[in-house]
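Some notes on the structure that comes next.
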Amino acid sequence: MDDKNYENKLESFFEGYLKKEPLFINKKILQSNYTPEIILHREEQINQIAEVLAPSLRMEKPSNLFLFGKTGTGKSLVAIYTINKISIIAKKNNLPIKVFYLNCKLKRVADTEYRLISQLCRELGVEVPATGLPTDEVYKIFIREIEQTKTLLLIVLDEIDQLVRKTGDEILYNLTRLNSELKESQIAFIGISNDLVFTDSLDPRVKSSLSEEEFVFPPYDAIQLQEILRERAKMAFREKVVDEGVIEKCAAYAAREHGDARRALELLRVAGEIAERKNETKIATKHIDMAEAKIEKDKILDIITTQPKQFKITLYSILESEGKTGRVRTGEIYEKYKENCKSCFVKPLTQRRVSDIIAELDMLGIINAKVISKGRGGRTREICLAVPAINIPKIFNCLKEGLNL
DNA sequence: AGGTATTCACATGAAACTATTCTCTGAGTTAGG
DNA sequence: TAACTCAGAGAATAGTTTCATGTGAATACCTGT
């Protein structure tokens, strides 16, 4: 009887699913790598960049260019959009212009000097081994390859601040020097950075040659976010699926941070997915709250499952001691950490390393760690969790399982 | 009371080390002529 | 003699350790009133 009932239920679920019209027409439009035809509220920046890059169409090397702005302000989008347009015009007029986009943060793609250059080689169609070669050998391959034909290269280096922080700024010096070694071809760089004061830390020579023009992308305000969301929602969802106030709430949530359009779009997309999964015909404002919680939870669970064991033990130790006292110091955590290591037979790391791990957990947004000085009490990080309280037990258990504690 | 020197408990930096993965090179080996 | 194999040298990289230096402000310690 129960079986029969269950079967019917499942059948009708599938039937219903089939009959039901999906909320989405095209989910891609809400994904972060989507480039829309019209970019709202960035006309000024696009024009400025276009002006700088236009000489490339006459085969003159344009000025190097730097774009600054917080995450989700449309830097990458605008850069990609503009170079794509140039690429199209160039193709139409048979101009030998090549454009590349590299994200320097992507692990194992372009996050070191060697990988950056080898990735460029790969884009040019030369296979370069992932390791084993000296770096200047790869430079040589790259130079040889572009010198074969007279070409103008436009290279976008996204999140270049990450690369420099990790590997130092000689890499930029090497890149700018490339042009003087090239006889036939020329290269122009477009750097993109989240860090507004990034160029201050650079060697002045590098700075002056790499950052000939600079543009700052201001954050979107709530009204602008609303327009962007409306525009995309129109294409992504079927008509009348988005409830009253949903767009506004999405925009408000994202504006609360710093006008992060990427986050706004993600919220809307996830809200749509939740509504669809729940078999609802409309996306309501409550779905946005659920979306926010889900994004947060997924982010953390993803980190927990992918990070190495040492991170897990550290986080577990933080959870343990934070649960009691609210805020904890590095030293306390390290003590707990050592105990925990012993109980799961892992060789503990030095305090130096654990300190770094704590800093990284902070970067990932799982915890809030603020360096404070307590006078004679010394200087330390004051740590508390940055996770909604509801999710804590789940994380706790997840960690516990992962560590066999 | 007011000023300043100390001191705590780590933070932060730099360099060096370990272990792994990969290429390149050249000596030694093999098989065919 | 040409082709093949295979060990060893050298690179890149991630994750760490070791050593060294930095640091903000509560407190101890003076000083002069």
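Every chain is numbered from 1 and lettered A, B, ... according to where its sequence line falls, protein lines coming before strand lines.
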Whole-Å gap separating P (dA12(C)) and CD1 (Ile141(A)): 13 Å

May I ask you to decide whether Glu248(A) forms a salt bridge with Arg230(A), counting only side-chain N to carboxylate O separations under 4.0 Å? yes

Any carboxylate oxygen within less than 4.0 angstrom of a Lys/Arg side-chain nitrogen, looking at Lys98(A) and Glu145(A)? no

Kindly say if Thr330(A) contacts the phosphate of dA11(B), meaning a side-chain N or O under 4.0 Å from OP1 or OP2. yes

OP1, OP2 of dA26(C) versus side-chain N and O of Ser373(A): anything below 4.0 Å? no

Mind calculating the distance between CG (Leu133(A)) and C1' (dA11(C)) to the nearest angstrom? 8 Å

Please state how far atom CG in Asp136(A) lies from atom P in dC24(B), giving the value in whole angstrom units. 14 Å

Would you say the ring centroid of Phe217(A) lies under 6.0 angstrom from that of Phe68(A)? no

Considering every strand and a 4.0 Å limit on heavy-atom distances, what is the contact class for Lys166(A): base, sugar-phosphate, or nothing? sugar-phosphate

Rounded to the nearest angstrom, tell me the gap between atom CD in Glu332(A) and atom C1' in dC8(B). 15 Å

Provide a list of protein-nucleic acid N or O atom pairs under 3.5 angstrom, restricted to nucleotides 15-17 of chain C.
{"from": "dT16(C)", "atom 1": "OP2", "to": "Arg353(A)", "atom 2": "NE", "distance (Å)": "3.2"}
{"from": "dT16(C)", "atom 1": "OP2", "to": "Arg353(A)", "atom 2": "NH2", "distance (Å)": "3.1"}
{"from": "dT17(C)", "atom 1": "OP2", "to": "Thr350(A)", "atom 2": "N", "distance (Å)": "3.1"}
{"from": "dT17(C)", "atom 1": "OP2", "to": "Thr350(A)", "atom 2": "OG1", "distance (Å)": "2.7"}

Check: protein-nucleotides 4-9 of chain C nitrogen or oxygen pairs below 3.5 Å:
none

Can you measure Lys140(A) atom NZ to dC24(B) atom P for me and round it to whole angstrom units? 13 Å

Quick one: on DNA chain B, does Lys374(A) or Ser355(A) contact a more 5' nucleotide (nearest heavy atom)? Lys374(A)

Any side-chain heavy-atom pair from Asn340(A) and Glu320(A) closer than 4.5 angstrom? yes

Apply side-chain hydrogen bond (donor to acceptor under 3.5 Å, both in side chains) to Tyr220(A) and Glu227(A), showing your working. CA-CA 10 Å; Tyr220(A) 298 108; Glu227(A) 287 174 33; over 6 Å; no

Any side-chain N or O of Arg376(A) less than 4.0 Å from the OP1 or OP2 oxygen of dA9(B)? no

Treating Asp221(A) as the side-chain partner and Gln224(A) as the backbone partner, does any N or O pair qualify as donor plus acceptor under 3.5 Å? yes

What is the distance, rounded to the nearest whole Å, between atom CD1 of Ile372(A) and atom P of dA11(B)? 11 Å

Can you find a side chain N or O atom of Arg381(A) that sits less than 4.0 Å from OP1 or OP2 on dT12(B)? yes

Kindly compute the distance separating CG (Leu102(A)) from CD1 (Ile192(A)), expressed to the nearest 0.5 Å. 10.5 Å

What's the CZ-P distance between Arg108(A) and dC22(B), to the nearest Å? 10 Å

Do we get Arg165(A) above Phe198(A)'s six-membered ring, with its NZ or CZ under 6.0 Å from the centre and within 45° of the axis? no

Would you please confirm or rule out a distance under 4.0 Å between OP1 or OP2 of dT21(C) and any side-chain N or O of Arg379(A)? no

Leu106(A) CG - dT13(C) C1' separation (whole Å): 17 Å

Residue set satisfying side chain to side chain donor-acceptor pair (under 3.5 Å) with Ser12(A), at least two apart, ordered chain then number -> none

Under the side-chain contact (heavy atoms from CB on, under 4.5 Å) criterion, do Arg42(A) and Thr73(A) qualify, and how do the steps go? CA-CA 9 Å; Arg42(A) 285 292 177 250; Thr73(A) 48; 3.9 Å; yes

Kindly say if Thr131(A) contacts the phosphate of dA11(C), meaning a side-chain N or O under 4.0 Å from OP1 or OP2. no

